[in-house]
Peer 1: 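Take this structure first; my questions come after.
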Amino acid sequence: MFARQFPRFASSRPTYIARIRLYSSAAPSYEHILTSTPKPGVGLITLNRPKALNALSSPLFKEINDALSKYDESKDIGAIIITGSDKAFAAGADIKEMAPLTFSTAYTNNFIAPWSHLANSIRTPVIAAVSGYALGGGCELALMCDIIYCTSTATFGQPEIKLGTIPGAGGSQRLTRAIGKSKAMELILTGKNFSGKEAGEWGVAAKVVEGGKEEVLAEAVRTAETIASYSRVATVAAKAVVNKSQELALREGVEYERGVFHGLFGSKDQKIGMTAFAEKKKPEWSHE
């Protein structure tokens with residue numbers, strides 16, 4: 001059962017990045033993002049289109065997806081962070097790319113479907129560290145992450161209605177699940193923004209930090225380091241069962257959780273963790 005459920009285990013502020021010790025020996029070279037490992041077990045993706053306020057485009061998402069997949073497949077990475085600059089996490093989708101599209105080209109090419117790779121395929125826990133603008137696609141990217149940390153002055157929103165369109169990367173679905181139908185309907189129909197402080201009050205963000213990009217990123221790194229210190233088997237399982245709560249009715253969700261819980265008794269790390277607890281020792285995880 002365990003092997004079937006967990007095949008993976010069964011077989012821009014560049015100044016901040018420069019100041020932290022990087023534990024990776026080499027990182028892929030990208031045009032629109034920066035990658036690093038600020039702490040052991042933590043993968044960091046920094047959106048790096050400063051002139052465009054990190055506007056999201058297909059080439060940018062191709063690089064994000066590649067970096068996410070590489071971190072997700074790495075045995076050395078237990079948590080991932082996505083962040084932007086002090087001014088903008090991502091100020092929206094690239095209008096220049098979208099404006100000339102027709103229905104037929106958007107539909108037949110399944111435009112922006114690859115943007116959901118993070119939500120659909122990445123099993124490692126992902127934290128969004130948001131400062132500045134997170135609008136449109138930027139808000140949707142943050143909502144795809146498992147945890148959101150933001151500054152109190154961050155600006156979230158789904159302003160697509162002002163452009164004669166609607167959210168297309170899950171914003172109407174994930175925002176509604178986070179804050180409820182009435183509030184989400186108001187925001188999406190009016191195009192109003194909401195602050196990082198409100199994101200914390202409404203449950204969109206798990207933590208609100210005073211300061212800027214460096215402060216919120218530091219908080220995200222601390223949490224990611226904690227997550228990465230645990231069994232990879234258990235963290236992947238925990239992410240899976242929480243995500244299922246968004247898709248299943250309570251009874252079915254509890255039954256799914258119980259099945260995964262039972263499956264973990266087939267892992268080495270369950271034995272390591274419980275034995276270490278009984279012996280009052282620190283567990284040395286095998287991630288198997």
Peer 1: Between Ser152 and Glu210, do the side chains contain a donor N or O and an acceptor N or O under 3.5 Å apart?
Peer 2: yes

Peer 1: Check the hydrophobic clustering (I, L, V, M, F, W, Y; side-chain heavy atoms under 4.5 Å; chains of links allowed) and say if Val126 and Leu60 are grouped together.
Peer 2: yes

Peer 1: Counting distance only, does the side-chain N/O of Thr151 pair as donor-acceptor with the main-chain N or O of Ala154 below 3.5 Å?
Peer 2: yes

Peer 1: With the side chain counted from C-beta on, respond yes when Arg258 and Val254 share a heavy-atom pair under 4.5 Å apart, and no when they do not.
Peer 2: yes

Peer 1: In sequence, state the C-alpha distance, the side-chain angles, and the governing distance for Ile148 and Phe156, and then conclude on side chain to side chain contact (heavy atoms under 4.5 Å, CB included).
Peer 2: CA-CA 12 Å; Ile148 298 176; Phe156 294 88; 4.3 Å; yes

Peer 1: Is it true that Asp269 and Ser231 share a donor-acceptor pair across their side chains at a distance under 3.5 Å?
Peer 2: yes

Peer 1: Look up atom CG in Leu135 and atom NZ in Lys162, then write down how far apart they are to the nearest 0.5 Å.
Peer 2: 9.0 Å

Peer 1: Nearest 0.5 angstrom please: Arg232 CZ to Thr235 OG1, how far?
Peer 2: 7.0 Å

Peer 1: Less than 3.5 Å apart, any donor N or O on the side chain of Thr223 or Tyr149 sitting next to an acceptor on the other?
Peer 2: yes

Peer 1: For the hydrophobic clusters of this structure (ILVMFWY residues joined by side-chain heavy atoms under 4.5 Å, transitively), does one cluster hold both Ile77 and Ile45?
Peer 2: yes

Peer 1: Are Tyr71 and Thr124 packed together at the side-chain level, in the sense that at least one heavy-atom pair is separated by less than 4.5 angstrom?
Peer 2: no

Peer 1: Begin with the C-alpha distance, continue with both residues' side-chain angles, and end with the deciding distance and a verdict on salt bridge (Lys or Arg N to Asp or Glu O under 4.0 Å) for Glu225 and Arg222.
Peer 2: CA-CA 5 Å; Glu225 187 178 17; Arg222 278 191 282 271; over 6 Å; no

Peer 1: Would you indicate whether the side-chain heavy atoms of Arg174 and Glu140 approach each other to under 4.5 Å?
Peer 2: no

Peer 1: Going by heavy atoms in the side chains, are Asp66 and Lys70 under 4.5 Å from each other?
Peer 2: yes

